[in-house]
Enquirer: 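Below you will find the structure I want to go over with you.
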Amino acid sequence: MMLADQGISATFLARLAFIISLQFSVFTYADPPNPASAVTQKANQTVLKELPFDNRQDFENVKRGFIAPLPDNGVIKTEKGQPVWNLEAFQFARDKSAPDSANPSLWRQLQLISEGGLYEVTPRIYQVRSADLSNITFIEGETGVIVMDPLISEETAKAALKLYRQHRGNKPVVAVIYTHSHVDHYGGVRGVVNEEEVKSGKVKIFAPKDFLIEAVSENVFAGNHMARRASFMYGNLISKDPKGTLGAGLGLETSTGTVTLIEPTDTITKTGETQTIDGLTFEFLMAPGSEAPAEMHFYIPELKAVTAAENATHTLHNLYTLRGAKVRNARDWSRYLNETIQRWGDKAEVLFAPHHWPTWGQENVVNHLKKQRDLYKYLNDQTLRLANHGYNMVQTAEMMELPPELSQYWANRGYYGSVNHDTRAVWNYYLGFFDGNPARLYPMPPTAAGKKYVQYMGGAANIIKQAKRDYDAGEYRWVAEVLDRLVSAEPNNRAARDLLADALEQMGYQQENGTWRNFFLSGAKELRDGIERLPVPLTASADTIRSMPTELIFDYLGIRLNGPRATGKKISININLPDIKERYSLVLENAVLNYGPPVNDPHSSVTIKREDLNDIILGTATIQEKMEDGSIKIVGDVGQLKTLLSLMDRFDFWWNLVTPEPMEKMSSGDF
């Protein structure tokens, strides 16, 4: 995720840029959701005939090893009593058949992932599930416990550790393992250990090569954009009920507590590397560029237990996450799973993961790994086969269909990733955004194109009249495509917005994919009600900022620089960070901000501690305040520094997703 993909999901850049200043109208309409149409009801009923719903093995497995439920009905709060997690809110599906407004396959997945509490995976391995988007795993060593992937939030991880200790004793945490670089696998680390324990050597933290740079950078450069889309992807803005979010397939949703990060003490760098951690042997397999840029699998021979991190769960995963991120390599993903089988398939008796429930029995473990391996290999190979026949990205996705031996396996269903958008991801990974048709090489922007489409189609009234007819016929995809043009041309056309919302809503009701459902229903809500500022996951934290290399901060300043406004200006500033013994220069010329070693005769020289720079970036202090209290010392032309800072754009988090943003809209200003 945004996010888990996930992926998070996250407003890191929003905080980093000191945004959240709304500059557009917020509609006050609040229409209730529509019922499922006859077309949607028929589509969802068809699913019941296509998939093996009589196979109940997953329902047995998800309850296996159950020890205790989450306390307080699964509601986890901050010390001030603010809820950051609510498992109880997703219990509406328990023991109920799928309603007309839900794809029965996604409803089934919701029933499975809403089971929560403390479970025994195998003697000495325990998990707390459904206390966050991901699972937290406790592996018992000789003297204490090794924690794998401590969730998103400090509060949820702390509650999970407390539940574990209530039933397994007050074992000290002796190590933490981050399997990969997404926030739902490290963000709660301060809920299980403190930094003093790590600095003293009492607790070690293991992570794959490049973990830290990937953990703090993935959501930075385009983070404001990613975070806004993540609010749709994880259903943060819609209700939790049969007509709202049914979870995200990979997990229920993202917790909204305190995101933390403690830097790794030990880095795993190569496949075949072994580490003895509290008396247990861990054999590692590197899997970079699969589900995360930095990821690893491992096997514990004493326990005959293997994890493939997030590369073998009970869903088709994302090769491209809808929150936005770099496209993932399906070929390598499949290859890592194949290598896992080759190394440990004849030994492992249990496969556990940081999402969903385990798989038990050597034969079942291998079967699951093979099915997941071949799922990603099929998508990779068949996408390229069709591309080499000349089919473009959209055509290829429309034609792609998994063979029954893969599609009838429940763990391969598209609850988080989907066959359609994963196929497009593979196509894009190899061939990029352009399909070779020159008519599509230089498209018009949405508003301009929308106005021409409306003109060609005989005006808004005629479009709405025909769209209503097609809506009644159940042609929701076409209605959405057409009305997107009209709303782009006339964003305040109430009739167009409402009908587009109705079409998106019915498309949402039909989706097997949790994130697609959330996007469609979130889009419908925004069209009807406008933008509402509701709680969304916040990954900005002092830990994250502190862990960012200074160069990464300067890279980000270059992204914030308003190039057109910087045209013709030349500014040079030396930066001295004495507490970390780093010196840099920031040089603005050619409308680009570069950094490097100090330069001679700068316009000004700034001396600031890195911790004070962190405060400014976090928004807890301004440069002016730091100047007044003496934390910043500036020699030279202060005006040039202020000029440079005035050229930095501030990014608005609550930008429109389903209606076009004004192309001239932007905000600039000082820190």
Side-chain angles (χ1 to χ4, degrees), residues 1 3-6 8-9 62-79 81-91 93-94 109-121 125-139 145-168 173 176-179 182-193 234-236 240 245 247-260 310 313-314 352-358 535 537-539:
M1 136 68 115
L3 259 162
D5 200 52
Q6 142 50 236
I8 166 186
S9 42
V62 79
K63 294 177 182 293
R64 178 170 169 172
F66 177 75
I67 296 173
L70 295 175
D72 302 319
N73 295 318
V75 178
I76 300 174
K77 300 179 180 180
T78 66
E79 292 182 355
Q82 293 295 114
V84 300
W85 180 259
N86 188 351
L87 176 60
E88 180 67 20
F90 285 95
Q91 298 307 309
R94 183 178 289 275
Q109 184 76 347
L110 172 60
Q111 291 176 324
L112 291 165
I113 62 178
S114 60
E115 295 282 348
L118 175 66
Y119 297 81
E120 181 185 74
V121 175
I125 300 180
Y126 297 83
Q127 287 185 323
V128 173
R129 302 186 202 133
S130 298
D132 210 322
L133 180 70
S134 50
N135 302 331
I136 184 171
T137 302
F138 301 98
I139 304 168
V145 62
I146 302 152
V147 177
M148 183 186 98
D149 290 353
L151 308 181
I152 293 175
S153 302
E154 179 179 355
E155 294 84 355
T156 55
K158 184 177 181 180
L161 179 61
K162 181 178 178 180
L163 178 61
Y164 164 78
R165 283 176 167 167
Q166 285 174 348
H167 296 274
R168 293 298 300 166
V173 174
V176 175
I177 298 175
Y178 303 143
T179 62
H182 290 154
V183 71
D184 52 325
H185 303 269
Y186 67 81
V189 64
R190 289 187 189 268
V192 296
V193 296
Y234 290 106
N236 301 117
K240 300 175 179 64
T245 180
L250 188 70
L252 294 171
E253 62 173 348
T254 50
S255 66
T256 57
T258 307
V259 175
T260 62
E310 204 165 312
T313 57
H314 289 270
F352 64 99
H355 293 277
H356 303 142
W357 52 96
L538 297 173
T539 61

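We're numbering straight along the sequence, starting at 1.
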Enquirer: I'd like to know if the side chain of His356 and the backbone of Leu250 have a donor-acceptor N/O pair within less than 3.5 Å.
Expert: yes
Enquirer: Measure across Ala68 and His167 and return the closest heavy-atom pair with its distance rounded to 0.1 Å.
Expert: CB-NE2, 3.2 Å
Enquirer: Hey, could you give me the CG/OG1 distance between Asn236 and Thr256, rounded to the nearest 0.5 Å?
Expert: 8.5 Å
Enquirer: So, taking the atom named OG in Ser255 and the one named CD in Glu154, what distance separates them when rounded to the nearest 0.5 Å?
Expert: 11.0 Å
Enquirer: State which residues pass side chain to side chain donor-acceptor pair (under 3.5 Å) with Gln91; sequence neighbours excluded, sorted by chain then number.
Expert: Arg94
Enquirer: Mind checking whether Gln166 and Pro71 have side chains closer than 4.5 Å, heavy atoms only?
Expert: no
Enquirer: At their closest point, which heavy atom of Leu133 faces which heavy atom of Leu252, and how far apart are they?
Expert: CD1-N, 4.3 Å
Enquirer: Can you name the residues that form a side-chain contact (heavy atoms from CB on, under 4.5 Å) with Arg64, not counting sequence neighbours?
Expert: Trp360
Enquirer: Apply ring-ring contact (aromatic ring centres under 6.0 Å, His included) to Trp357 and list each qualifying residue two or more places apart in sequence or on a separate chain.
Expert: His314
Enquirer: Let me confirm one number: the OG1-CD1 distance from Thr156 to Ile136, rounded to the nearest 0.5 Å.
Expert: 7.5 Å
Enquirer: What pairs with Glu155 under side-chain contact (heavy atoms from CB on, under 4.5 Å), at least two apart in sequence or on another chain?
Expert: Ile76, Thr78, Val84, Ser153, Thr258
Enquirer: Decide yes or no for Phe90 and Ile113: does some side-chain heavy atom of the first lie under 4.5 Å from some side-chain heavy atom of the second?
Expert: no
Enquirer: For the pair Tyr126 and Ile67, evaluate side chain to side chain contact (heavy atoms under 4.5 Å, CB included) and give the outcome as yes or no after the intermediate values.
Expert: CA-CA 10 Å; Tyr126 297 83; Ile67 296 173; 3.8 Å; yes
Enquirer: Is the backbone of Asp72 close enough, under 3.5 Å, to the side chain of Glu88 for a donor and an acceptor to pair up by distance?
Expert: no
Enquirer: Minimum heavy-atom separation for Leu110 to Ala93, with atom names?
Expert: CD2-CB, 3.6 Å
Enquirer: What pair of heavy atoms forms the shortest contact from Thr313 to Ala353, and how long is it?
Expert: CG2-CB, 4.4 Å
Enquirer: Please round to the nearest 0.5 Å and tell me the distance separating atom NZ of Lys162 and atom CG of Leu118.
Expert: 14.0 Å
Enquirer: What are the two closest heavy atoms between Glu253 and Trp85, and how far apart are they?
Expert: O-CZ3, 3.4 Å
Enquirer: What is the minimum heavy-atom distance between Ala157 and Gly188, and which atoms define it?
Expert: CB-O, 3.2 Å
Enquirer: Drop me the distance from Tyr186's OH to Leu151's CG, to the nearest 0.5 angstrom.
Expert: 13.0 Å
Enquirer: Only one of Val128, Val173, Val193 forms a side chain to side chain contact (heavy atoms under 4.5 Å, CB included) with Leu161, so which one is it?
Expert: Val173
Enquirer: Hey, mind stepping through Thr179 and Met148 against side chain to side chain contact (heavy atoms under 4.5 Å, CB included) and telling me if it holds?
Expert: CA-CA 7 Å; Thr179 62; Met148 183 186 98; 3.7 Å; yes
Enquirer: By side-chain contact (heavy atoms from CB on, under 4.5 Å), which residues pair with Lys158, not counting sequence neighbours?
Expert: Glu79
Enquirer: So how far is it from Asp149 CG to Asp132 CG, rounded to the nearest 0.5 Å?
Expert: 11.5 Å
Enquirer: Determine, step by step, whether Leu87 and Asn73 satisfy the side chain to side chain contact (heavy atoms under 4.5 Å, CB included) criterion, reporting the C-alpha distance in whole Å, the side-chain angles of both residues, the deciding distance to 0.1 Å, and the verdict.
Expert: CA-CA 7 Å; Leu87 176 60; Asn73 295 318; over 6 Å; no
Enquirer: Quick one: list whatever passes side-chain contact (heavy atoms from CB on, under 4.5 Å) with Tyr119, sequence neighbours left out.
Expert: Phe66, Glu115, Arg129
Enquirer: Take the angle between the ring planes of His185 and His355 and call it parallel below 30°, perpendicular above 60°, tilted in between.
Expert: perpendicular
Enquirer: Decide yes or no on side chain to side chain contact (heavy atoms under 4.5 Å, CB included) for Val121 and Thr137, but give the supporting numbers first.
Expert: CA-CA 9 Å; Val121 175; Thr137 302; 5.7 Å; no
